[in-house]
Amino acid sequence: MRFLDSAKIFVKSGDGGSGCVSFRREKYIPMGGPNGGDGGRGGDVVVRADPALNTLIDFRYKQHFKATRGHHGMGKDRTGSQGDRLELRVPVGTQILAEDGVTLIADIQSEHEEIMLARGGDGGRGNARFKTSTNRAPRRADPGFPGEERWLWLKLKLLADAGLIGLPNAGKSTLLSVVSAAKPKIGDYPFTTLEPKLGTVQIGHDSFVLADIPGLIEGAHAGVGLGDQFLAHIERCEVLVHLVAADSADVAADYATVRHEIDAYGRGLTGKTEIICLSKCDLLDPETIRIRVETLQQAAGQSVLQLSAPSRIGADSIVQRVWQEISAKRRERAENELAVVL
């Protein structure tokens, strides 16, 4: 399935049905009073989170969505039926923004969450509503009210606990395939990963979600190589796992390049916990690895883990370290929520 993380759509709720002008006419009641019914309410347009979806691709080929209008009122005080509700299904993690692409309307973060996008118009009143002691035969009926219409942006941001970052071909996809059941495309060339991937990592009875985004390049924060779109998918992550390839000619420069893009992008990524790993350690001799670990530690100002994903050397240590950070943040969040309740 092709991945799509942004779509612009037009939604319109149904118009209300018009009220009816009608009078009671029966065999022995030739001059009956007004009995025109009200019009039916137009159908709403709602969006609903579907846990089975992971892309917005369905909105690539259809952008206009309109609910049906309410039926008109009828004689014998019959109210018109309501228009059918139109339900749009989106993945969990979808943000709904106004036409300007900036104003946030809703942020869907739970399964089956439902948001009203456009409310159907009310039905018009039939002439029976206007009967008074001085106007026994009103011939007035109101038209239905128009439905709401608007342009909206749907933007998908993956819901992951930890995100893998690094230059292209740093070994991110290989690590994801080793520690989870995900099967991303793996190749010995840059830009093997062209769309974000998710994998669930099991830790005993617990688990967390790990996201692999395409490799970042210089200028990614400004959209070079679609980098700004990819970076959006790790905004929700608690932890960033930064992979630097050991076979690089300058590991410090590689680290600095990605770190600069993260800092320049901002939006909460700068202050996130970062775990740094020197990947592909199986390609070099121990002495060279030692030198590059020291170089990377000096550039990053923190300890560096070693990783050889194909042989799984160091993978378990990384998973345990990531889980420690995630579980600590979950406990802190739970305590804060409890404090608010109390």
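Sequential numbering from 1 along the given sequence is applied to the chain's residues.
- Ion pairing between R330 and D161 holds under the 4.0 Å rule for side-chain N and carboxylate O.
- With a 4.5 Å cut-off on side-chain heavy atoms, Y265 and E235 count as touching.
- With salt bridges taken as basic N to acidic carboxylate O contacts below 4.0 Å, one links R24 and E26.
- Looking at L86 and L88, their side chains come closer than 4.5 Å, going by heavy atoms from C-beta outward.
- H242 contributes no side-chain N or O that, together with a main-chain N or O of I275, makes up a donor-acceptor pair within less than 3.5 Å.
- The pair K62-D58 does not meet the salt-bridge criterion, since no charged nitrogen lies less than 4.0 angstrom from a carboxylate oxygen.
- Using a 4.0 Å cut-off between charged side-chain N and carboxylate O, D142 and R125 make a salt bridge.
- By the neighbour-count criterion of 12 heavy atoms within 6.0 Å, atom NZ of K76 is sparsely surrounded, having that number or fewer from other residues, nucleotides or ligands.
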List the atom pairs, donor and acceptor, that lie under 3.5 Å between side-chain atoms in residues 300-308 and the rest of the protein, sequence neighbours left out.
unit_1, atom_1, unit_2, atom_2, d
Q302, NE2, E274, O, 3.0
S308, OG, D282, OD1, 3.3
S308, OG, S311, OG, 2.9

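- Contact annotation: the side chain of W151 approaches that of K8 to within less than 4.5 Å [non-hydrogen atoms, C-beta and beyond].
- Formation of a donor-acceptor pair under 3.5 Å by the R69 side chain with backbone atoms of G16 is found in this model.
- With contacts defined as side-chain heavy-atom distances shorter than 4.5 Å, the pair H112/P51 qualifies.
- Of the possible donor and acceptor atoms, none in the side chain of R60 sits under 3.5 Å from a partner among the backbone N and O of I57.
- Under the 3.5 Å distance criterion, the side-chain polar atoms of D38 are matched with a main-chain donor or acceptor of G126.
- At a threshold of 4.5 Å between non-hydrogen side-chain atoms, the residues D50 and V90 do not count as touching.
- T257 and D254 form no side-chain donor-acceptor contact under 3.5 Å, judged by distance and modelled atom types alone.
- To the nearest 0.5 Å, the span separating CD on E325 from CD on E238 amounts to 10.0 Å.
- Taking all atoms of both residues into account, the shortest heavy-atom contact from D84 to A67 is O-CB, 3.8 Å.
- A pairwise comparison of heavy atoms in R119 and E148 identifies N-OE1, 2.9 Å as the closest pair.
- Atom NZ of K155 sits in a crowded spot, with more than 12 heavy atoms from other residues, nucleotides or ligands closer than 6.0 Å.
- Side-chain contact check for F65 versus E87: every heavy-atom pair is 4.5 Å or farther apart.
- Between the side chain of D44 and the main chain of V46, no donor-acceptor pair closer than 3.5 Å is present.
- Annotation: side chain of H71 is not in contact with side chain of Q82 (no heavy-atom distance under 4.5 Å).
- Hydrophobic clustering, with ILVMFWY side chains joined whenever heavy atoms are under 4.5 angstrom apart, keeps L278 apart from L167.
- Here L154 contributes atom CG and L117 contributes atom CG; the two are 8.0 Å apart, rounded to the nearest 0.5 Å.
- Residues T79 and H72 have side chains not in contact (no heavy-atom distance under 4.5 Å, counting atoms from C-beta outward).
- Using a 4.0 Å cut-off between a side-chain N of Lys or Arg and a carboxylate O of Asp or Glu, R41 and D122 qualify as a salt bridge.
- Note on F59: it clusters hydrophobically with L156, by side-chain heavy-atom contacts below 4.5 Å among ILVMFWY residues.
- The pair R48-E114 meets the salt-bridge criterion, with a side-chain N (NZ, NE, NH1 or NH2) lying under 4.0 Å from an Asp/Glu carboxylate O.
- Side-chain N/O atoms of T132 and N135 include no donor and acceptor closer than 3.5 Å.
- Smallest separation of non-hydrogen atoms from A7 and L56: N-CD1, 4.5 Å.
- Between the side chain of N127 and the backbone N or O of G36 there is at least one donor-acceptor pair closer than 3.5 Å.
- Between the side chains of S22 and N35, at least one donor-acceptor pair of N or O atoms lies under 3.5 Å.
- Between the CD1 atom in I165 and the CZ atom in R259 there is a gap of 6.5 Å [rounded to 0.5 Å].
- We find the CG-CD distance between D15 and E149 to be 9.0 Å, quoted to the nearest 0.5 Å.
- Annotation: salt bridge (Lys or Arg N to Asp or Glu O under 4.0 Å) contacts involving residues 294-306, sequence neighbours excluded, comprise R290-E294.
- A donor-acceptor contact shorter than 3.5 Å is absent between the side chain of S180 and the backbone of S177.
- Here the side chain of R292 pairs a donor or acceptor atom with the backbone of S248 at under 3.5 angstrom.
- Remark: F145 CZ is loosely packed, at most 12 non-hydrogen atoms of other residues, nucleotides or ligands lying under 6.0 Å away.
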Pairs under 3.5 angstrom only: tabulate donor-acceptor contacts from the side chains of residues 315-323 to other protein residues two or more places apart or in another chain.
unit_1, atom_1, unit_2, atom_2, d
D316, OD1, R312, NE, 3.2
D316, OD1, R312, NH2, 3.0

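- Residues V293 and Y255 are members of one and the same hydrophobic cluster, defined by side-chain heavy-atom contacts under 4.5 angstrom among Ile, Leu, Val, Met, Phe, Trp and Tyr.
- Hydrophobic cluster membership differs between V11 and L97, with clusters built from Ile, Leu, Val, Met, Phe, Trp and Tyr side chains linked at under 4.5 angstrom.
- The CG atom of L243 sits 11.0 Å away from atom CG of L176, with the distance rounded to the nearest 0.5 Å.
- Of all non-hydrogen atoms in P138 and R136, the two that sit nearest each other are CD-C, 3.5 Å.
- G163 and C237 make their closest contact through N-SG, 3.7 Å (heavy atoms, listed as atom of the first residue, atom of the second, distance).
- Summarising the geometry, atom CH2 belonging to W153 is positioned 14.0 Å from atom CD1 belonging to I96; distances are rounded to the nearest 0.5 Å.
- Across all their heavy atoms, A118 and S13 have their closest contact at O-CB, 3.5 Å.
- Residue L152 is tested with V47, I9, V45 for a side chain to side chain contact (heavy atoms under 4.5 Å, CB included); the sole match is I9.
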